[in-house]
Chemist: 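Sharing a structure, written as structure tokens. Questions coming.
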Number of protein chains: 2
Amino acid sequence: MQVEVRLAALDQRYTRGRRALVEVLGDTDRPLTIPEILEAANRSLPGGHRLPQSSAYRSLTALAEAGVVRRLAGNDDLGRFELAEDLSGHHHHHLVCTSCGLVADVPASPRLERALSEAGRVAAEETGFEVNDHRIDLVGRCATCR
Amino acid sequence: MQVEVRLAALDQRYTRGRRALVEVLGDTDRPLTIPEILEAANRSLPGGHRLPQSSAYRSLTALAEAGVVRRLAGNDDLGRFELAEDLSGHHHHHLVCTSCGLVADVPASPRLERALSEAGRVAAEETGFEVNDHRIDLVGRCATCR
DNA sequence: ATTTATGCAAATCGTTTGCAAACCT
DNA sequence: AGGTTTGCAAACGATTTGCATAAAT
């Protein structure tokens with residue numbers, strides 16, 4: 001719905017492959033790597049239809065430009081993607097495991113958000129930056145790796 | 001000093017090339033990309049001696065393992081490095097310009113740090129993660145790009 | 001003397017791209 | 001039909017690695 005509109009604004013179509021990608025990202029609670037996305041998409045795709053990597057990359061780039069998905073700053077060497085927050089409805093940050101590379105979502109706390117927006121204001125004042133987004137990673141070891 | 005000790009702990013030597021790298025990173029107030037590091041190192045290196053990329057990568061990897069430098073999560077496609085915070089003495093976060101890719105340091109505010117450590121505690125409790133570091137990027141447009 | 005680091009060139013690996021065929025409206 | 005997306009294979013570019021030589025202890 002929203003997705004189709006956003007793509008249309010850039011003369012882009014909402015095709016079967018792209019639907020599969022958006023569904024996969026909509027069904028998870030953490031950012032996925034390309035291999036993970038491909039595996040999940042191929043599992044949910046009809047018949048023997050396999051989505052090639054190149055198409056996934058291209059489609060995800062298109063979806064990112066349309067503001068449907070977001071490409072994360074690489075914590076390891078694999079790119080990760082998640083649904084845009086205004087579509088998933090959850091403002092969140094990430095827990096990053098230094099041992100296995102896992103990235104998990106963690107809900108943002110109001111207190112943290114307040115402190116953050118103040119920090120943004122201060123930074124803007126002192127440096128001339130115009131801050132309009134932020135990114136927080138809590139880094140450590142996941143339950144499995146501890 | 002500290003640097004030599006940390007390297008020695010891993011049976012690593014503090015050579016001229018590595019000194020040049022550490023000096024370069026010690027002389028700047030923002031994380032540098034490999035090309036930037038090479039340019040600066042070569043400027044400060046004696047005679048016609050040029051530091052090859054591969055050596056820079058290898059040495060920076062060694063320095064990172066020794067906890068002397070830190071490799072940043074790639075905001076764009078270039079890796080960035082900075083001196084470890086316990087050597088530079090400044091706990092800071094980053095301003096990232098989405099337009100030109102600039103990454104600038106910004107001092108951490110006590111309020112933000114407090115909110116952050118609370119968030120870490122909550123996350124630990126709810127997910128079993130052991131949080132021992134964090135990473136904050138304020139994303140926007142720098143003064144030049146606005 | 002030994003062990004570790006360096007230079008160079010070649011290899012890797014994630015990601016991007018050219019082009020012709022398939023798809024959507 | 002007319003423009004867009006897909007698949008495949010080839011191209012890219014940042015980072016890594018093998019190996020012989022130089023440097024450090």
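All figures in this text were calculated on a predicted structure; none of them were measured in a lab. Within every chain, numbering begins at 1; the chains are lettered A, B, ... in the order of the sequence lines, protein sequences first and strands thereafter.
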Chemist: Distance check needed: C/dT6 P versus B/Arg19 CZ, whole Å only.
Modeler: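 The distance from CZ of B/Arg19 to P of C/dT6 comes to 11 Å, rounded to the nearest Å.
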Chemist: By the side-chain hydrogen bond (donor to acceptor under 3.5 Å, both in side chains) test, which pairs, at least two apart or in different chains, include something from residues 113-124 of chain A?
Modeler: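 Residue pairs passing side-chain hydrogen bond (donor to acceptor under 3.5 Å, both in side chains), neighbours aside: A/His91-A/Glu113, A/His93-A/Glu113, A/Glu113-A/His134, A/Glu118-B/Arg111.
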Chemist: Take the protein atom CG of B/Leu78 and the nucleotide atom C1' of D/dG13, then report the distance between them rounded to whole Å.
Modeler: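 Value for this atom pair: 10 Å.
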Chemist: Roughly how far, to the nearest 0.5 Å, is the CD1 atom of B/Ile34 from the CZ atom of B/Arg80?
Modeler: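 The CZ atom of B/Arg80 sits 11.0 Å away from the CD1 atom of B/Ile34.
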Chemist: So, is B/Gln12 near the phosphate of C/dT4, with a side-chain N or O under 4.0 Å from OP1 or OP2?
Modeler: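 So the side-chain polar atoms of B/Gln12 never come under 4.0 Å of the phosphate oxygens OP1 or OP2 of C/dT4.
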Chemist: Mark up nucleotides 16-25 of chain C, 5' to 3', with B wherever a protein heavy atom is under 4.0 angstrom from a base atom, S wherever such an atom reaches only the sugar-phosphate, and - elsewhere.
Modeler: BBBB----B-
Chemist: What residues, two or more places apart in sequence or in another chain, satisfy side-chain hydrogen bond (donor to acceptor under 3.5 Å, both in side chains) together with A/Glu23?
Modeler: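 Partners of A/Glu23 under the side-chain hydrogen bond (donor to acceptor under 3.5 Å, both in side chains) test: none.
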Chemist: Could you state the atom-to-atom distance from CD1 of A/Ile37 to C1' of C/dG14 in whole Å?
Modeler: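 A/Ile37 atom CD1 is separated from C/dG14 atom C1' by 14 Å.
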Chemist: Taking only residues two or more places apart in sequence, or in another chain, which ones meet A/Arg13 in a side-chain hydrogen bond (donor to acceptor under 3.5 Å, both in side chains)?
Modeler: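 Not a single residue meets the side-chain hydrogen bond (donor to acceptor under 3.5 Å, both in side chains) criterion with A/Arg13.
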Chemist: In whole Å, what is the span from the CG atom of A/Leu51 to the C1' atom of D/dT5?
Modeler: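 Rounded to whole Å, this separation is 12 Å.
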Chemist: CG of B/Asn42 versus P of C/dG7: gap in Å, rounded?
Modeler: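 Interatomic distance, CG of B/Asn42 to P of C/dG7: 10 Å.
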Chemist: Would you mind reading off the distance between B/Leu10 atom CG and C/dA5 atom P, rounded to a whole angstrom?
Modeler: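 Taking CG of B/Leu10 and P of C/dA5, I get 10 Å after rounding.
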Chemist: Once you round it to whole Å, what is the distance between P of C/dG14 and CZ of A/Phe81?
Modeler: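 One finds 14 Å between P of C/dG14 and CZ of A/Phe81, rounded.
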Chemist: Taking only residues two or more places apart in sequence, or in another chain, which ones meet B/Asn132 in a side-chain hydrogen bond (donor to acceptor under 3.5 Å, both in side chains)?
Modeler: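 B/Glu130.
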Chemist: 5'-most contact on DNA chain D: A/Ala62 or B/Pro35, nearest heavy atom basis?
Modeler: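 This one resolves to A/Ala62.
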Chemist: Output the rounded distance in Å from CG (B/Leu38) to P (C/dC8).
Modeler: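 About 13 Å, once rounded to whole Å.
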Chemist: Quick one: list whatever passes side-chain hydrogen bond (donor to acceptor under 3.5 Å, both in side chains) with B/Asp86, sequence neighbours left out.
Modeler: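 Testing B/Asp86 for side-chain hydrogen bond (donor to acceptor under 3.5 Å, both in side chains), a comparison that skips the adjacent residues, returns B/Arg6.
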